Colleague: 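Handing you this structure, nothing more for now.
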Amino acid sequence: MYDFQGSQSGDGREPTGGLGRNMTDEYFYGTTRGGGDANDDGTIFKFGGYEHGYSYAVVHDFDADFGANPYATPNSFSKDARQNVYVTTADGGAYNLGTVTAIEPDGDTYVIHPFAGNGDGANPEGTLVECGGILYGTTTYGGSDGLGTIFKIDPFSGEYSLLYSFKGVCCGRSDGSFPVGGLVVKKGRLYGTTINGGSASDLGTVFRFNPHSNTETVLHAFKGTDGAHPYARVAFLGNKTLYGTTNSGGAHDEGVLFRMTVK
């Protein structure tokens, strides 16, 4: 349908995230982590299906001020009458540690939150999700231990809150660390993976987060034989069955596809 050409053509390169459908204009939106204009900081593009003649257009070229190097899928939300598209960038912003950025239908772009590291998050790579009209996401680094965070942000007021800092497995802990894949929502709870942490083997976790009490629960710590280092988002089939993948581990240490029942 389309071949990316890179920054020499003003196009994007290396689309790492997926496609998000804007239900208002019925275009698909995606990101490239590089390419675009001379900054080579990545793009947001939109792609039209059959009803739009399979058209492709760059909507925004990122730069250091408004974010750079987006890895995530852009999302729009039904409660946003402004028809904005929201995305995280792994770099750029006021502290060069990533942003939450909004893109208006005409292509105008503004940063809702620049990540500052330390007590704040840093370098978000996951896709934002909506729960109760609020956006939730993860940062790969930052937080109290530098091992990643869960945060929320109101897309209308811009109010931002760090909800949870991952603690890893140092000093007798059994928490996860480095949430890369982002979150999914099921029955008012958030589910995700961390690429490390969980047990002394430090091979990653599946976790659940309650946004009402700001409590995190490790549902599974990987052991190697059952998988290791999950990078991707999980998916639900029905209300209780969760599926996912790990980057390595398993019988051949080449990764697994797993299923688990969630109570």
Side-chain angles (χ1 to χ4, degrees), residues 16-21 29 31 70-80 85-90 98-102 112-113 115 120-143 147-155 160-167 175-198 204-222 229-247 258 260 262-263:
T16 304
L19 295 173
R21 188 83 181 270
Y29 285 77
T31 58
Y71 284 72
T73 301
N75 269 342
S76 60
F77 301 98
S78 58
K79 294 183 179 180
D80 187 352
V85 173
Y86 299 89
V87 70
T88 60
T89 67
T99 68
V100 176
T101 295
I112 304 176
H113 181 76
F115 290 96
D120 195 8
N123 310 114
E125 299 179 48
T127 299
L128 296 165
V129 296
E130 178 190 19
C131 184
I134 300 297
L135 308 186
Y136 290 84
T138 60
T139 64
T140 305
Y141 304 102
L147 301 177
T149 73
I150 299 171
F151 66 87
K152 71 175 182 180
I153 189 165
D154 186 323
Y160 169 90
S161 298
L162 189 150
L163 303 178
Y164 186 79
S165 293
F166 287 91
K167 302 172 180 63
D175 196 8
S177 54
F178 311 124
V180 172
L183 303 166
V184 296
V185 182
K186 177 60 68 172
K187 290 188 173 181
R189 303 293 186 266
L190 306 173
Y191 294 81
T193 60
T194 63
I195 62 174
N196 287 100
T205 73
V206 178
F207 68 87
R208 176 173 57 212
F209 183 76
N210 184 335
H212 305 291
S213 61
N214 292 344
T215 55
E216 183 254 11
T217 304
V218 172
L219 301 177
H220 182 74
F222 289 96
H229 307 306
Y231 278 74
R233 285 206 297 173
V234 296
F236 273 88
L237 181 62
N239 289 327
K240 295 184 178 181
T241 307
L242 178 151
Y243 289 84
T245 60
T246 67
N247 187 62
F258 67 86
M260 63 183 296
V262 177
K263 296 181 180 180

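Just so you know, these numbers come straight off a predicted model, no measurement behind them.
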Colleague: Is the side chain of Thr194 donor-acceptor paired with the backbone N or O of Asn196 at a distance under 3.5 Å, no angle test?
Modeller: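 Yes: the side chain of Thr194 pairs with the backbone of Asn196.
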
Colleague: Would you mind reporting whether Val129 and Val184 have side-chain heavy atoms less than 4.5 Å apart?
Modeller: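 When only atoms from C-beta onward are counted, Val129 and Val184 do not touch, as no gap falls below 4.5 Å.
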
Colleague: Taking the ring centre of each residue, are Phe178 and Tyr141 less than 6.0 Å apart?
Modeller: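 So the answer is yes for these two rings.
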
Colleague: Distance check, rounded to the nearest 0.5 Å: Asp175 atom CG versus Leu147 atom CG?
Modeller: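 Here the rounded value is 8.5 Å.
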
Colleague: Should Thr246 and His229 count as side-chain neighbours, where that means a heavy-atom distance under 4.5 Å?
Modeller: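 Not touching, per the 4.5 Å side-chain cut-off.
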
Colleague: Where the side chain of Thr31 meets the backbone of Ala72, is there a donor-acceptor pair that is under 3.5 Å apart?
Modeller: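 Such a contact is found between Thr31 side chain and Ala72 backbone.
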
Colleague: Do you know which two heavy atoms are closest between Pro124 and Gly98, and how far apart they sit?
Modeller: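 Reported closest heavy-atom pair: CD-CA, 4.0 Å.
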
Colleague: Once the angle between the rings of His113 and Tyr160 is folded into 0 to 90°, is it parallel (under 30°), tilted (30 to 60°) or perpendicular (over 60°)?
Modeller: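 The arrangement is parallel - the two ring planes meet at less than 30°.
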
Colleague: Does any N or O in the side chain of Asn75 come within less than 3.5 Å of the main-chain N or O of Tyr86, such that one atom is a donor and the other an acceptor?
Modeller: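 Flag not set: sc Asn75 to bb Tyr86 has no pair under 3.5 Å.
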
Colleague: Output the distance between atom OG1 (Thr149) and atom CG (Asp120), rounded to the nearest 0.5 Å.
Modeller: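 So the gap between those two atoms works out to 7.0 Å.
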
Colleague: Does a side-chain heavy-atom distance below 4.5 Å link Asn247 with Ile195?
Modeller: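 Asn247 does not reach Ile195 side chain to side chain.
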
Colleague: Between His220 and Phe222, is the ring pair (Phe, Tyr, Trp, His ring centres under 6.0 Å) condition met? List the steps.
Modeller: CA-CA 6 Å; His220 182 74; Phe222 289 96; 4.9 Å; yes

Colleague: Do you know the tightest heavy-atom contact between Pro230 and Gly204?
Modeller: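 Heavy atoms of Pro230 and Gly204 come nearest at CD-CA, 4.1 Å.
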
Colleague: Given Glu125, which partner from the list Thr140, Thr88, Thr16 fulfils the side-chain contact (heavy atoms from CB on, under 4.5 Å) test?
Modeller: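 Among Thr140, Thr88, Thr16, the one that satisfies the side-chain contact (heavy atoms from CB on, under 4.5 Å) with Glu125 is Thr140.
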
Colleague: Between Phe207 and Ile150, is the side chain to side chain contact (heavy atoms under 4.5 Å, CB included) condition met? List the steps.
Modeller: CA-CA 11 Å; Phe207 68 87; Ile150 299 171; 3.8 Å; yes

Colleague: So, do Glu216 and Val218 sit near enough that their side-chain heavy atoms are less than 4.5 Å apart?
Modeller: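 With C-beta onward as the side chain, the pair touches.
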
Colleague: Counting only N and O atoms by type, is there a donor-acceptor contact under 3.5 Å from the side chain of Thr138 to the main-chain atoms of Leu183?
Modeller: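 Looks like no, no N/O pair under 3.5 Å.
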
Colleague: Say whether, by atom type as modelled, one donor and one acceptor occur between the side chain of Thr89 and the main chain of Thr99 under 3.5 angstrom.
Modeller: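 Looks like yes, one N/O pair under 3.5 Å.
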
Colleague: Look up atom CD1 in Ile153 and atom CG in Leu135, then write down how far apart they are to the nearest 0.5 Å.
Modeller: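 Nearest 0.5 Å value for the CD1-CG distance: 7.0 Å.
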
Colleague: Give me the atom names and distance for the closest heavy-atom approach of Arg21 to Ser76.
Modeller: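 For Arg21 and Ser76, the tightest heavy-atom pair comes out as O-OG, 3.5 Å.
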
Colleague: Could you tell me which non-hydrogen atom of Gly143 sits nearest to which non-hydrogen atom of Ser165, and how far apart they are?
Modeller: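 Closest heavy-atom pair between Gly143 and Ser165: CA-OG, 3.5 Å.
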
Colleague: Determine the minimum heavy-atom distance between Gly188 and Val185, stating which atoms define it.
Modeller: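 So the minimum-distance heavy-atom pair works out to N-CG1, 4.3 Å.
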
Colleague: Measure from the side-chain N and O atoms of Thr73 to the backbone N and O of Gly18, and report whether any donor-acceptor pair falls under 3.5 Å.
Modeller: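 Yes, Thr73 side chain to Gly18 backbone: donor-acceptor pair under 3.5 Å.
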
Colleague: For the ring-ring contact (aromatic ring centres under 6.0 Å, His included) test, which of Tyr164, Tyr136, Phe115, Phe209 pairs with Phe151?
Modeller: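 Output: one option passes, namely Phe115.
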
Colleague: Less than 4.5 Å apart, any side-chain heavy atom of Asn239 and any of Lys186?
Modeller: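 The answer is yes, as the side chains (C-beta and beyond) meet within the 4.5 Å cut-off.
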
Colleague: Using the side chain to side chain contact (heavy atoms under 4.5 Å, CB included) rule, take Asn123 and Thr139 through it: C-alpha gap first, then chi angles, then the decisive distance, then the call.
Modeller: CA-CA 6 Å; Asn123 310 114; Thr139 64; over 6 Å; no

